[in-house]
Amino acid sequence: MENGSLTYNDIFYNNHLTLGNIYLDVPNFINTSNDIIGFSLNNNRTYFLKEGTFTIIKGEAEGAETIELYSGSFLLDYIHPNSKNFEFKISDGNMSEYYILKIYYSNGAIEERKVFSINDLNILEKGKNKINLQLGKGSKNGYIQSNFNLLHGITDNLTFGIGERNLTSVRGKKYNFIENHVLLNTRHKIFPTVIEFKNFYELNKIENSYNLNITQKYKEWQLKLTQERYSKYIYLESDVKDYNSVSLGKSFKDNYFEIGYEQRKVYKFGNGKVKNMYAYWSTYKLSPVYFSLKFQKYLENYYDKYSIYPTISYYGYFSTVLEAGFVKEENKNWDSFYNLKIRKRDAEILKKKLYGDIGIFFKYYGNKNSYVCGFDFNIKLDSFMYTRVTSSVEKGKDKKSKLENSIEINKLIAIKNPLLKLDNSSSVTNSIIYGKVFLDKNSNGVYDDYDIPLPNAVVVVDGNKFETNENGEYMASGISSPKTIELEIDRKSIDPMTKSIFKKLKIKTESSGQLQIDIPVDMISIISGNIYNGLKIPDNKFSRKLALVNIQLIKDDLVVAEVKPEFDGMYFFEDVFPGEYKIRFNYLGQEKIKFTTEEINIKVNTSEEENGGYFEGYDTELINNEVK
């Protein structure tokens with residue numbers, strides 16, 4: 001076993017506690033190892049941040065098989081994560097402030113998740129707090145790493161944070177920072193502005209560094225300014241003394257265009273400045289095909305280099321992403337790389353019986369004259385196991401090919417109830433609802449030995465359908481938590497003369513929770529009768545009197561149903577469960593009119609019946625009140 005983690009969700013003020021391998025939150029100017037073992041208490045959510053002309057999108061998704069990244073309705077990229085932590089790095093300038101992730105889980109569930117910017121994520125409402133507490137040790141180098149940050153909402157527009165970081169880089173250099181963090185969001189309707197300032201005070205060397213980001217929007221225009229200054233203790237290792245960038249972008253019709261400028265003062269160049277400009281363009285004109293193009297040019301004389309990055313993606317019958325890069329350096333030939341991914345979801349392997357996801361991939365590196373290609377295939381072998389197979393071929397500079405095959409098998413086990421027959425259609429953070437659907441012969445709401453299990457009954461949970469097996473058992477898994485869901489039986493899947501004793505149940509689930517809900521189904525009967533014309537008036541006038549009649553069905557002093565009689569005086573109560581009832585007739589008009597029988601007692605008993613009964617003849621007569 002190389003890694004593993006145990007996560008407790010919402011354990012403290014909506015924060016999650018993770019034990020084992022953790023994802024360490026570090027400033028971008030420190031390079032630390034990723035193999036950290038320890039604990040982390042925070043409220044991780046999917047978010048994106050900008051690193052120069054690239055967008056970094058990070059998040060967590062337990063049990064995800066494929067994750068697709070969209071801008072609006074257009075596919076930008078997709079990945080197959082190897083752990084619950086995932087990351088996208090896309091070359092789109094500052095194109096979008098609105099991304100959507102479509103997450104396909106190994107259980108077949110699909111989640112759509114909005115991606116928040118790091119600013120939106122950290123700006124808090126007045127009086128709200130956010131904590132990040134991490135402590136761990138590198139499993140290979142043994143370096144101790146720790147983070148502590150606390151954010152507090154001063155107002156709805158202003159958030160202040162303070163923290164301490166004790167970190168060690170991969171080279172063994174130790175850092176001890178006091179970090180101050182200020183976030184301001186004006187939330188202005190016409191000129192919304194977000195300002196983020198971070199100050200890093202190095203305690204050992206008594207040095208200051210800071211990061212400043214300002215984003216200004218106006219209608220479809222966006223201006224972004226970034227300034228970073230680093231002290232000597234930092235840039236001796238990171239090599240960057242300061243960084244400045246400015247970008248201006250605008251959306252128009254189905255296009256987006258952006259230009260930007262970057263400048264770095266680099267220590268290894270003798271404080272020389274590395275400057276470059278870029279232009280970025282993307283278009284939706286070819287929908288459902290998305291196309292983008294980025295051109296970047298370095299400006300200094302001693303480092304002549306420019307690059308072109310086109311991207312084409314398509315989302316429809318299958319998903320396709322084609323990325324390429326062309327780089328030209330001084331006195332060198334063009335260098336290039338290509339990355340092609342094609343994937344078809346829910347491909348029919350055996351007609352109406354077996355489905356799977358099939359994908360192929362190809363990567364070529366021009367400078368190395370090497371490539372990697374292969375396929376991946378996943379399938380649910382049966383209702384209790386999920387399997388994914390991957391095969392790839394890699395060819396390097398030595399012209400030798402290397403073949404790699406792998407197989408991944410997932411099985412979900414409920415530790416609380418190991419004998420529970422889970423069908424592996426849930427991640428460990430989701431909820432599970434299970435139980436039995438049965439014909440309740442004695443109408444007591446509890447499954448007894450002489451009750452009859454109902455196979456092939458369909459239980460609808462949160463809009464998803466789950467069918468019972470031959471023993472009447474159902475398993476509803478993959479339910480997002482915590483949320484309120486609805487549970488009901490599909491009437492079309494059971495005998496029309498039977499009905500569940502409840503309509504829709506509203507249930508509040510909990511993360512990793514297992515809830516047993518049995519569904520008793522009882523026979524239903526029809527009660528009918530007539531109201532006769534004892535007033536001796538014409539039929540048309542009698543019909544008008546019947547319109548003022550209300551008939552109630554009462555059980556245990558509660559009205560369970562109300563009906564109006566037909567124009568000829570006949571009435572029906574449908575879907576009546578077994579039990580003792582009272583029929584009550586009410587005349588709501590002002591005339592002195594009454595019924596010969598105002599209440600009728602009835603006992604509905606279907607225990608000896610194979611189907612519900614038809615109870616009729618419960619009649620009365622509408623007469624004048626003066627008649628005795």
Side-chain angles (χ1 to χ4, degrees), residues 22-34 36 40 42-61 64 66-72 74-103 113-123 132 134 147 149 165 167 169-170 179 181 183 194 196 198 200 211-215 222 224-228 230 238 240 243-247 249 256 258 260 262 264 276 278 280 282 292 294 296 307 309 311 313 321 323 325 339 341:
I22 63 174
Y23 187 86
L24 196 64
D25 176 25
V26 296
N28 58 9
F29 54 82
I30 300 179
N31 184 19
T32 60
S33 172
N34 292 324
I36 306 298
S40 176
N42 55 27
N43 185 11
N44 286 327
R45 296 170 66 187
T46 305
Y47 64 92
F48 73 87
L49 53 92
K50 303 293 183 180
E51 286 188 1
T53 61
F54 290 92
T55 297
I56 309 297
I57 296 175
K58 299 181 179 182
E60 291 186 355
T66 302
I67 303 177
E68 296 174 342
L69 175 65
Y70 292 83
S71 174
F74 292 89
L75 177 69
L76 298 181
D77 197 3
Y78 69 85
I79 58 174
H80 307 302
N82 296 319
S83 68
K84 69 177 183 179
N85 297 312
F86 64 85
E87 181 174 314
F88 286 91
K89 186 173 184 178
I90 55 177
S91 175
D92 71 340
N94 293 317
M95 168 192 159
S96 179
E97 293 292 325
Y98 185 70
Y99 297 99
I100 291 290
L101 294 175
K102 184 174 286 188
I103 304 173
R113 184 188 300 179
K114 181 180 178 181
V115 184
F116 294 88
S117 74
I118 192 67
N119 292 327
D120 292 336
L121 181 64
N122 286 331
I123 288 186
N132 178 28
Q134 297 179 311
N147 280 324
N149 301 89
R165 298 178 184 266
L167 303 170
S169 70
V170 292
E179 179 180 325
H181 194 176
L183 279 159
V194 176
E196 180 184 27
K198 286 185 178 181
F200 304 94
N211 294 168
L212 175 65
N213 292 287
I214 302 175
T215 302
Q222 175 178 285
K224 186 177 177 67
L225 302 170
T226 299
Q227 185 179 79
E228 299 176 3
Y230 298 110
S238 69
V240 177
Y243 169 83
N244 299 279
S245 71
V246 58
S247 65
Y256 176 83
E258 179 179 304
E262 290 184 301
R264 290 180 176 85
N276 71 80
Y278 72 90
Y280 176 85
S282 65
S292 68
K294 179 181 174 185
Q296 188 167 340
S307 54
Y309 300 99
T311 300
S313 62
V321 176
E323 299 174 298
N339 183 11
K341 297 184 284 187

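Note that the structure is a prediction, hence the values are computed from the model and not measured.
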- Task: Go through the structure and list residues passing salt bridge (charged side-chain N to carboxylate O under 4.0 Å, His left out) with E179, not counting sequence neighbours.
- Result: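 Checked E179 against salt bridge (charged side-chain N to carboxylate O under 4.0 Å, His left out); matches are R165.
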To the closest 0.5 Å, what do you measure between [atom1] ([X]) and [atom2] ([Y])?
| X | Y | atom1 | atom2 | answer |
| --- | --- | --- | --- | --- |
| T311 | E323 | OG1 | CD | 5.0 Å |
| N31 | N28 | CG | CG | 11.0 Å |
| E87 | I57 | CD | CD1 | 10.0 Å |
| S282 | E258 | OG | CD | 9.5 Å |
| K198 | L212 | NZ | CG | 12.0 Å |
| I67 | I79 | CD1 | CD1 | 5.0 Å |

- Task: With sequence neighbours left out, write down each residue that passes side chain to side chain donor-acceptor pair (under 3.5 Å) with N132, or none if nothing qualifies.
- Result: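 So N132 forms a side chain to side chain donor-acceptor pair (under 3.5 Å) with D25, N42.
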Quick one, [X] and [Y] - any side-chain contact, counting heavy atoms below 4.5 Å?
| X | Y | answer |
| --- | --- | --- |
| L167 | N147 | yes |
| F200 | N211 | yes |
| I214 | Q227 | no |
| S292 | Y256 | no |

- Query: Should the pair F29 and Y230 be assigned to parallel (<30°), tilted (30 to 60°) or perpendicular (>60°) ring geometry?
  - Reply: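 Plane angle between 30° and 60°, so tilted.
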- For S307, check side chain to side chain contact (heavy atoms under 4.5 Å, CB included) against everything at least two apart and list the hits.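 Listed in chain order: Q296, Y309, V327.
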- Distance-only polar pair, side chains of Q134 and S40, donor-acceptor under 3.5 Å: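 Indeed, the side chains of Q134 and S40 share at least one donor-acceptor pair under 3.5 Å.
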- Side-chain donor-acceptor pair present, T226, N213, cut-off under 3.5 Å: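 Yes, because at least one side-chain N or O of T226 sits under 3.5 Å from a partner of the opposite role on N213.
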- side chain to side chain contact (heavy atoms under 4.5 Å, CB included) evaluation trace for R264 with N276: CA-CA 9 Å; R264 290 180 176 85; N276 71 80; 4.2 Å; yes
- Identify the two heavy atoms, one from F88 and one from L101, that lie closest to each other, and give their separation to 0.1 Å.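 Minimum heavy-atom contact is CE1-CD2, 3.9 Å.
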